[in-house]
Amino acid sequence: MSLIELFQSYPYLFTNLVSFLIFVVGGRWILQKHHWRLMVICGALNAPAFPFLIFLENEYWRPVRLGGWILGVEDILCSFMVAAMVWFVIGLLFGRRIALSDRLRIVWPRYRIIAGVSVLIFLLCYMVGLTGMTSLVLSCMIVTGLLLCRNRELWPIALVGLVGFTAVYLAIVRIYFFIWPDFVLQWNARGFWGHLIGGVPLGEIAWALIFGAYWPLFMMHVLDLRGSDLSGRPKPQPAQAG
């Protein structure tokens with residue numbers, strides 16, 4: 001198989017490789033250093049979620065993977081890239097209004113708890129008979145609401161992620177469908193979430209909207225960043241007794 005045939009036959013792989021070059025490699029010259037590092041961390045923290053893509057197989061889509069496996073390196077790349085793209089948008093639009101220290105501090109217990117809650121809600125939704133995509137959208141939506149209730153000052157982050165990431169993601173998807181016209185056929189057009197809206201599967205639109213709000217809030221919580229950080233001002237220090 002020639003390189004051109006390989007490129008045409010595996011759009012799921014090559015769309016993610018192209019996205020990696022655009023956002024991760026190219027982002028090194030576009031984003032501030034701290035935001036670029038955080039973008040990579042965002043992708044790395046979401047990459048372990050790739051096994052859950054198996055719940056979308058057949059009922060939502062069935063992408064062609066190298067080797068014909070039900071999961072593959074494409075899924076790891078996809079999970080990494082969607083999260084990285086979210087913070088690319090946040091870092092680009094907020095810039096210095098989010099104060100980041102030289103050493104980013106990940107609060108691992110928070111990561112495990114919020115990731116665990118997200119997975120638990122997803123599995124409960126799936127177990128009661130909802131489809132994989134419906135379960136994914138609902139679980140992200142519920143956790144987004146919980147995180148916003150915990151810190152309402154982070155609503156600008158959620159709004160920018162929702163609008164900005166959705167716009168960027170859907171534009172990228174449309175471009176990829178133009179380059180690989182048959183790629184859209186790998187979605188299940190007979191299912192509810194596979195119905196095309198403006199040439200894009202409904203599930204991609206709904207997921208992008210909620211994930212764009214969910215993942216920045218997730219990361220702000222895991223990094224212990226507060227609403228006051230959005231102004232770029234330092235956090236107020238507690239008053240000294242005496």
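FYI, side chains are in, hydrogens and waters are out, and symmetry mates aren't considered; it's all heavy atoms of this structure. Positions are given from 1 along the sequence.
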[atom1]/[X] to [atom2]/[Y] distance, rounded to the nearest 0.5 angstrom?
X	Y	atom1	atom2	result
Met39	Gln32	CE	CD	12.5 Å
Tyr214	Thr144	OH	OG1	7.5 Å
Trp187	His195	CH2	NE2	15.5 Å
Phe14	Leu21	CZ	CG	11.0 Å
Leu136	Thr131	CG	OG1	9.5 Å
Ile90	Leu38	CD1	CG	10.0 Å

Same cluster (ILVMFWY, side-chain, under 4.5 Å), [X] and [Y]:
X	Y	result
Val73	Ile54	yes
Leu146	Leu154	yes
Leu170	Ile179	yes
Val117	Met127	no
Leu13	Trp69	no

Considering only heavy atoms from C-beta outward, does the side chain of [X] approach that of [Y] to under 4.5 Å?
X	Y	result
Val128	Leu124	no
Trp215	Leu45	yes
Gln186	Arg62	no
Val137	Thr134	no
Ser9	Val64	no
Glu57	Pro63	yes
Leu185	Asp182	yes
Ile114	Leu147	yes

What heavy-atom pair brings [X] and [Y] nearest, and what distance separates the two atoms?
X	Y	result
Ser118	Val143	OG-CG2, 3.5 Å
Leu148	Ala158	CD2-CB, 4.3 Å
Tyr60	Pro201	OH-CB, 4.1 Å
Ser79	Leu53	OG-CD1, 4.0 Å
Gly43	Ala83	CA-CB, 4.0 Å
Trp87	Cys42	CB-SG, 3.7 Å

Q | Stepwise side-chain contact (heavy atoms from CB on, under 4.5 Å) test for Val24 and Met81 | A | CA-CA 8 Å; Val24 179; Met81 280 312 309; 4.0 Å; yes

Q: Would you please classify the geometry between the Trp207 ring and the Phe211 ring as parallel, tilted or perpendicular, with 30° and 60° separating the classes?
A: parallel

Q.
Tell me whether the rings of Phe218 and Tyr111 are parallel (<30°), tilted (30 to 60°) or perpendicular (>60°).
A. perpendicular

Are the side chain of [X] and the backbone of [Y] linked by a donor-acceptor contact shorter than 3.5 Å?
X	Y	result
Asp75	Gly72	yes
Arg65	Ile70	yes
Arg105	Asp224	no
Glu5	Ser2	yes

Q: Just do the side-chain contact (heavy atoms from CB on, under 4.5 Å) check on Ile205 and Tyr169 with the steps written out, would you?
A: CA-CA 9 Å; Ile205 300 172; Tyr169 180 76; over 6 Å; no

Q: Go through the steps to decide whether Phe88 and Trp36 satisfy the test ring-ring contact (aromatic ring centres under 6.0 Å, His included), and finish with yes or no.
A: CA-CA 7 Å; Phe88 178 90; Trp36 181 83; over 10 Å; no

Q: Answer yes or no: is there an ion pair linking Arg174 with Glu204, defined by an N-O contact shorter than 4.0 Å?
A: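 No salt bridge links Arg174 with Glu204.
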
Q: Go through the steps to decide whether Glu59 and Arg190 satisfy the test salt bridge (Lys or Arg N to Asp or Glu O under 4.0 Å), and finish with yes or no.
A: CA-CA 9 Å; Glu59 61 92 3; Arg190 292 176 297 177; over 6 Å; no

Q. For the side chain to side chain contact (heavy atoms under 4.5 Å, CB included) test, which of Trp180, Tyr176, Trp61 pairs with Tyr12?
A.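 Of the listed options, the one satisfying the test is Trp61.
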
Q: Go through the steps to decide whether Phe80 and Ile76 satisfy the test side-chain contact (heavy atoms from CB on, under 4.5 Å), and finish with yes or no.
A: CA-CA 6 Å; Phe80 176 93; Ile76 301 174; 5.6 Å; no

**Q.** Derivation and outcome, side-chain contact (heavy atoms from CB on, under 4.5 Å), residues Phe23 and Val168
**A.** CA-CA 11 Å; Phe23 293 99; Val168 170; 3.9 Å; yes

